[in-house]
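Computed over heavy atoms, backbone and side chain alike; hydrogens, waters and symmetry mates excluded. Residues take their numbers from the sequence shown, with the count starting at 1.
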Amino acid sequence: MFRMSETATESTAPEGGQPSEPGGPATPAVDAPLGPAGEKALAEWKQRAKDAERASRTQAARLQEIEDRDKSEVQKASERATAAEQRAAAMAQRAAKAEVRALAASTFADPSDAAAFLDLADFVDDVGDIDSKGIEKALADLLKRKPHLGKEQPAAPSFDGGARTTAGAPTDMNALIRSKAGLG
């Protein structure tokens with residue numbers, strides 16, 4: 001007959017003296033200082049980790065060398081062509097973004113907003129040329145849809161100089177006395 005050990009069912013008490021309930025919240029363990037021996041061991045493990053990472057990079061480079069050696073020239077050329085196409089596509093996207101920002105600088109408060117709201121791939125053709133006219137139209141449309149992205153238009157300056165009134169008749173002391181007395 002199988003018999004369970006009594007120690008397996010007893011609760012254990014952590015250092016605080018309170019028994020912890022099974023399934024209850026665990027009390028966080030407090031790390032004690034390492035001391036000189038612990039610091040030395042930690043430094044040794046850190047150095048081992050750095051050495052292992054360095055060795056891993058070296059082995060990965062060696063493996064890539066071996067794999068490249070086994071590839072045919074056609075495969076190597078194909079990979080180089082694919083990488084070049086990806087770089088060219090990235091450069092075209094960067095150029096389109098720069099064009100959008102340059103054209104948006106005069107009308108948008110933040111030209112990078114314009115680049116964020118537009119799909120830049122729409123303005124680059126298969127050859128990599130950028131459609132500036134299309135960008136201008138898209139920016140104008142974007143400002144119509146989202147006018148808060150545009151620069152604040154300053155109010156037209158007024159060169160009026162103030163209200164104009166004609167000078168009244170000169171008043172003298174006698175005219176003032178007459179007006180207060182109701183005589184004229």
Side-chain angles (χ1 to χ4, degrees), residues 23-31 34 42-171:
T27 56
V30 178
D31 289 339
L34 292 177
L42 180 63
E44 182 181 331
W45 278 103
K46 284 182 180 180
Q47 185 60 42
R48 284 184 183 180
K50 286 179 186 178
D51 292 342
E53 188 175 331
R54 195 174 306 119
S56 173
R57 281 194 301 263
T58 304
Q59 293 299 327
R62 175 120 170 87
L63 178 62
Q64 187 64 40
E65 256 180 50
I66 293 170
E67 287 177 356
D68 286 345
R69 183 178 38 168
D70 293 340
K71 291 181 183 175
S72 69
E73 289 301 317
V74 173
Q75 287 175 323
K76 290 177 186 177
S78 174
E79 288 177 0
R80 285 192 303 265
T82 302
E85 287 173 357
Q86 290 173 346
R87 285 192 306 271
M91 292 301 289
Q93 286 294 318
R94 257 188 245 143
K97 186 175 184 177
E99 183 77 14
V100 167
R101 292 175 73 188
L103 292 173
S106 62
T107 54
F108 280 76
D110 185 5
S112 62
D113 287 344
F117 281 102
L118 296 178
D119 184 14
L120 301 177
D122 293 343
F123 307 111
V124 180
D125 63 7
D126 294 337
V127 181
D129 292 331
I130 299 171
D131 181 16
S132 295
K133 296 293 182 188
I135 292 173
E136 289 174 356
K137 289 177 185 176
L139 289 175
D141 182 51
L142 182 61
L143 274 180
K144 285 180 188 173
R145 288 183 290 129
K146 299 184 181 287
H148 62 278
L149 294 176
K151 285 185 177 178
E152 290 185 22
Q153 298 298 329
S158 171
F159 298 106
D160 187 11
R164 305 235 189 305
T165 57
T166 57
T171 56

Can you give me the closest heavy-atom contact between [X] and [Y], atom names plus distance?
X	Y	answer
Pro111	Arg101	CB-O, 3.5 Å
Ser132	Leu103	O-CD1, 3.9 Å
Val124	Ala96	CG2-CB, 3.7 Å
Phe123	Gly134	CE2-O, 3.5 Å
Lys97	Ala115	CG-CB, 3.9 Å

task = Say whether, by atom type as modelled, one donor and one acceptor occur between the side chain of Thr82 and the main chain of Ser78 under 3.5 angstrom.
result =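 Here the side-chain-to-backbone pair exists.
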
query = Do side-chain atoms of Lys151 reach the backbone of Ala105 as a donor and acceptor pair under 3.5 angstrom?
reply =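 Present.
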
task = State whether Asp51 and Arg54 are salt-bridged, where the test is any N-O pair (Lys NZ or Arg NE/NH1/NH2 against Asp/Glu carboxylate O) under 4.0 Å.
result =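 Yes, charged N to carboxylate O under 4.0 Å.
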
request  = Scan Leu149, Leu118, Thr107 and name whichever one has a side chain to side chain contact (heavy atoms under 4.5 Å, CB included) with Leu139.
outcome  =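 Answer after filtering Leu149, Leu118, Thr107: Leu118.
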
Could you tell me the separation between the [atom1] atom of [X] and the [atom2] atom of [Y], rounded to the nearest 0.5 Å?
X	Y	atom1	atom2	value
Phe108	His148	CZ	NE2	9.5 Å
Ile130	Glu99	CD1	CD	5.5 Å
Leu142	Phe117	CG	CZ	6.5 Å
Ile135	Leu120	CD1	CG	7.5 Å

key: Over 12 foreign heavy atoms within 6.0 Å of CZ, Arg145   =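 Yes - once you tally the heavy atoms of other residues, nucleotides and ligands closer than 6.0 Å, there are more than 12.
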
request  = Look at atom CD of Glu152 and say whether more than 12 heavy atoms of other residues, nucleotides or ligands are closer to it than 6.0 Å.
outcome  =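 No - once you tally the heavy atoms of other residues, nucleotides and ligands closer than 6.0 Å, there are 12 at most.
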
Validation row: Lys137, Asp141 side chains within 4.5 angstrom (heavy atoms) =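 Side chain of Lys137 against side chain of Asp141, heavy atoms only: no contact under 4.5 Å found.
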
